[in-house]
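Chain naming here is simple, since letters A, B, ... match the order of the sequence lines and numbering starts at 1 in each.
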Protein chains: 2
Amino acid sequence: MTDLTAQERLRDAGLRPTRQRCALADLLYAHGHRHATAEMLYEECLVAGIPVSLATIYNTLHQFRDVGLLRDVSVGGTKTYFDTNISDHHHFYNESDGRLIDIPDGLIDVLGVPEAPDGKMITRVDVVVQVREKK
Amino acid sequence: MTDLTAQERLRDAGLRPTRQRCALADLLYAHGHRHATAEMLYEECLVAGIPVSLATIYNTLHQFRDVGLLRDVSVGGTKTYFDTNISDHHHFYNESDGRLIDIPDGLIDVLGVPEAPDGKMITRVDVVVQVREKK
DNA sequence: ATTTGTGCAAATCGTTTGCATCTGA
DNA sequence: TCAGATGCAAACGATTTGCACAAAT
């Protein structure tokens, strides 16, 4: 049952399986990987009749990210996407409609990344391949 | 003279060399390459006694970008940086202080970028190397 | 004279916060 | 019970917009 899975997932991550967290986990993980924004999930909750506030969705997404259930992807500027695929991979970003598309893990290889400056360490290397509708 | 250079740069780009555009061009190009936000430039204008509004700075930055004088870099989420270095290069992004550092052109090589999906074309490949203060 | 740019203030968008009220272990 | 979670509404930061006024060709 997806509900049980969601509960387990949350417990395993050390988060209390509350109604709204379970509901959000279901929306996020029930149908394979996805890229979601807070607003998207809010809409889906409204439609599905799940009572939850936008603030809680933001809280929840950040918590999920903090415990490693999600990864955030920032592109284009404004909105923040949350990606249920937490494996090492990169993205196509469609500037026309602001949509993200996964580039499977292992396809892209980044060569020649220099050492981090001064007292800094590299935490992540993100590749964003911007695409546009071909004319 | 920097002022003349700015005027020329603007004329060459097909933009009327108004006071504020010239002033902004000077701030941007007078001292080598830089990464600037609208807010930064606004502050600098205030300090320098250059009368200009934030709205005009946003307009101007977008115009400069549209004619190829600047490139925008979006990282971390919120603010948009404008980079006077329009050559093909990538960036370090310091999550701690939100600062951008250029990675010189040619150092990084991205292998294995797949074809763009369906009727789309690739317009740009951006690599962002996130760094954090080493503990 | 005409076109184009500018400033201001209000509006928007995405996100965060404060705080009183619920809820799950 | 009671720490932790939620909802609401107000606060926020970055950016945009509408419109009257000013400046460039």
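Here A:T80 lies in heavy-atom contact (under 4.0 Å) with sugar-phosphate atoms only. Looking at heavy-atom distances under 4.0 Å, B:Q20 makes contact with sugar-phosphate atoms alone, never a base.
One atom, CG of B:D72, and another, C1' of D:dT15, lie 13 Å apart when rounded to the nearest Å. Taking atom CZ of residue B:F64 and atom P of nucleotide C:dG5, one finds them 11 Å apart after rounding to whole Å. Rounded to a whole Å, the CG atom of A:N59 is 16 Å from the P atom of C:dC19. For the pair B:L24 CG and C:dG5 P, the computed distance is 14 Å after rounding to whole Å. Atoms OH (B:Y42) and C1' (C:dC8) sit 10 Å apart, rounded to a whole Å. The distance between atom CG of B:L10 and atom P of C:dG5, rounded to the nearest whole Å, is 11 Å. For the pair B:L54 CG and D:dT15 C1', the interatomic distance rounds to 9 Å; values are reported in whole Å. Distance, B:L15 CG to D:dA24 P: 15 Å, rounded to whole Å.
For C:dG24, the OP1/OP2 oxygens have a side-chain nitrogen or oxygen of A:R19 closer than 4.0 Å. Between A:H62 and C:dT15 there is no side-chain N or O to OP1 or OP2 distance below 4.0 Å. Between B:T18 and C:dT6 there is a side-chain N or O to OP1 or OP2 distance below 4.0 Å. A sub-4.0 Å separation between OP1 or OP2 of D:dA5 and a side-chain N or O of A:R21 is present. Phosphate proximity of C:dG7 to B:T56: present, with a side-chain N or O under 4.0 Å from OP1 or OP2. Contact annotation: B:S53 reaches the phosphate of C:dG7 (side-chain N/O to OP1 or OP2, under 4.0 Å). An OP1 or OP2 oxygen of C:dT15 is reached within less than 4.0 angstrom by a side-chain nitrogen or oxygen of A:Y58.
Between the base of C:dT3 and the side chain of B:R16 there is a donor-acceptor pair shorter than 3.5 Å.
Screening residues 35-65 of chain A for ring pair (Phe, Tyr, Trp, His ring centres under 6.0 Å) gives A:H35-A:H91, A:H62-A:F82 as the qualifying pairs, with residues at least two apart or on separate chains.
Nearest-nucleotide positions on DNA chain C place B:V52 closer to the 5' end than the other of A:K79 and B:V52. Place B:R11 and B:E39 on DNA chain D by their nearest nucleotides, and B:E39 ends up nearer the 5' end.
Cation-pi geometry between B:R99 and B:Y93 is not satisfied (NZ or CZ under 6.0 Å from the ring centre, within 45° of the ring normal).
Just one residue in the list A:R34, A:R65, A:H89 forms a side chain to side chain contact (heavy atoms under 4.5 Å, CB included) with A:D83, and that residue is A:H89.
Here A:S53 contributes atom OG and A:N59 contributes atom CG; the two are 7.5 Å apart, rounded to the nearest 0.5 Å.
In plain terms, the two heavy atoms of B:L69 and B:A13 that are nearest each other are CD1-CB, 4.2 Å.
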